[in-house]
2 protein chains.
Amino acid sequence: MKSIKNVSEKNISLTDQVHKELRHSIITGEMPGGTRLVESTLASEMEVSRTPVREALHKLELEGLLYSIPRAGYIVEEMSEHDIRDLFKTRKAVEQIAAKWAVEYITPEELQTLNKNLDMSEEIFRTGQIGKMAEFDTKFHKVIYKAARSKSLYQICKTLGDHTLKYRIALIDLPEMARRTIDDHKRIYQALFEKDSEELDKAVQHHMEQAKVNIIDLMERLRHESFMP
Amino acid sequence: MKSIKNVSEKNISLTDQVHKELRHSIITGEMPGGTRLVESTLASEMEVSRTPVREALHKLELEGLLYSIPRAGYIVEEMSEHDIRDLFKTRKAVEQIAAKWAVEYITPEELQTLNKNLDMSEEIFRTGQIGKMAEFDTKFHKVIYKAARSKSLYQICKTLGDHTLKYRIALIDLPEMARRTIDDHKRIYQALFEKDSEELDKAVQHHMEQAKVNIIDLMERLRHESFMP
DNA sequence: TATTTCAATAATGTATGCAATTATACGCTG
DNA sequence: CAGCGTATAATTGCATACATTATTGAAATA
């Protein structure tokens, strides 16, 4: 791992930089579940002292991305299929609420932001830069969270979204998944635009349901591949 | 503030002890919104070094109970009426989900736990130990969260519950509030017992609605009192 | 040879010192 | 007298040294 200090953006604390870096590594799957993290090792790799690393690890623990064994170390949280099902069940319920509230408050500007997001997603899909899809996926949903006009719900949605991001990144790289995601988003956008609550609810439900099934499938496939590489 | 070390339970880190202590002070309103917290001051008051205090403050910040001004200090989060309305709106929605799921999974043992909780609440109410009411209120709801059988939803409910606890403590001390809370809980229990989802949804909604209104009223009253003490 | 004990090692928990930055108070100047 | 600038104090950010604990491996003994 390369030093953080060299690429340090000024005015951001080392703790936050380390946190962001580690978070990225976990979410992208660079550090898969079960990976053990050691303060001093990370500190020397990143060329900072243990203090900011330690604080970053604590943050990640509270976010549920790591768990700590009292005087032993930190392990990257590993999700079972059951945990993933649970996560998506909750996410589905919460996103339905967010969408329901968003219908009422969303502005024409926000609708346009969503529309632009769809256009750019299509562009990215056509030009084959699928690596950027996850980012647009996240942004699309965030616009809706914000449109729900609830600070507390926004926080919840963001946390749940983060927890699924790891899997979404792995999945959305597959062209057919990217295609379906864009189509789902278009349907959600259309329902929001027409303020059709009933259709919106169904669209969100379908989107989440599909995401869940795809991830479970992916895990299944990976499990088989690991037996016969 | 008294030293922590003297009452230290073994095997729990100082950081966690400090965290718990400060958390309690904030949630009970002993440190009201706007209070400024300083690492070194707290450290000497509690007779520990700055490190565990610092880490505890960071935790509280992530939990949303404090916010920090970069190199200036920590301030106890102050909730506006708008924030409280928002919090309860979200809490209502989420607790409705929890209740809906709980109907399906709750066991006879858990129902009995709820029933016992009601009995003890009545006992406490009769004997006038109203100070203990908030604790039983929290426990009652936690049983339902758990019965929903969702790790992620449980986490969300607990966090939201914590954020409202400060106000619940102030309120539930009033006998008429305690009375209403117990009656609401009885209604919720009854609906769970009979697995009547529709009635349960209404009961939870009513309970949350009432809690919200009461807190807004309380804040209004306190605001007037502060003008003419 | 197997088991137990003890020491070395490695990790986090805690304390403390220094650096960097911001707020504040005081004095100076117009 | 007011406003601005500078110096100083206050406070967190970061680094590091020390304490405590858990694990591992080796050696000694049965």
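Residue numbers begin at 1 in each chain, while the letters A, B, ... track the order of the sequences. Any value given below was found using the heavy atoms of this structure, including those in side chains, with hydrogens, waters and symmetry copies removed.
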B:R36 CZ to D:dT12 C1', in whole Å, measures 10 Å
Do side-chain atoms of B:D16 reach the backbone of B:I12 as a donor and acceptor pair under 3.5 angstrom?
no
Cationic N near anionic O, under 4.0 Å, A:R149 to A:E110
yes
Could you work out which one of C:dT14, C:dG13, C:dA15 sits closest to the side chain of A:E39?
C:dG13
Rounded to whole Å, the NE2-C1' distance (A:H19 to D:dC14) equals 18 Å
Whole-Å distance, B:L14 CG to D:dA19 P, equals 16 Å
I'd like to know whether A:C157 forms a side-chain contact (heavy atoms from CB on, under 4.5 Å) with A:L160, so could you lay out the CA-CA distance, the side-chain angles of the two residues, the decisive distance to 0.1 Å, and finally the verdict.
CA-CA 5 Å; A:C157 288; A:L160 288 176; 5.9 Å; no
Starting at atom CD1 of B:I69, determine the distance to atom P of C:dT24, rounded to an integer number of angstrom.
10 Å
Holding to ring-ring contact (aromatic ring centres under 6.0 Å, His included), I want the full list of residues that pass it with B:H185, two or more places apart in sequence or in another chain.
B:F140, B:H141, B:H207
What's the CD1-P distance between A:I12 and D:dC14, to the nearest Å?
11 Å
Closest approach to the side chain of B:R50, judged atom by atom: which nucleotide of D:dA15, D:dA17, D:dG13 is it?
D:dG13
Does the side chain of B:S49 get closer than 4.0 angstrom to OP1 or OP2 of C:dT14 through an N or O atom?
no
Take A:M120 and A:K132, measure what side-chain contact (heavy atoms from CB on, under 4.5 Å) needs, and give me the verdict at the end.
CA-CA 10 Å; A:M120 295 178 78; A:K132 287 187 183 168; over 6 Å; no
Using a heavy-atom cut-off of 4.0 Å across all strands, would you classify B:S68 as base, sugar-phosphate, or nothing?
nothing
From the set C:dT12, D:dA15, D:dG13, return the single nucleotide nearest to any side-chain atom of A:Y74.
C:dT12
So which nucleotide from C:dT14, C:dG17, C:dA11 ends up closest to the side chain of A:V38?
C:dA11
I'd like to know whether A:L22 forms a side-chain contact (heavy atoms from CB on, under 4.5 Å) with A:L57, so could you lay out the CA-CA distance, the side-chain angles of the two residues, the decisive distance to 0.1 Å, and finally the verdict.
CA-CA 8 Å; A:L22 290 178; A:L57 290 174; 4.0 Å; yes
Among the candidates D:dG13, D:dA15, C:dA15, find the nucleotide nearest to the side-chain atoms of A:T51.
D:dA15
Answer yes or no: side-chain N or O of A:S40 and base N or O of C:dA11 forming a donor-acceptor pair under 3.5 Å.
no
For residues 53-63 of chain A, which residues have at least one heavy atom under 4.0 Å from DNA chain D?
none
Does a side-chain N or O of B:T15 approach OP1 or OP2 of C:dG13 to a distance below 4.0 Å, or not?
no
Regarding B:K151 and the six-membered ring of B:Y154, is the cationic atom NZ or CZ under 6.0 Å from the ring centre and inside 45° of its axis?
no
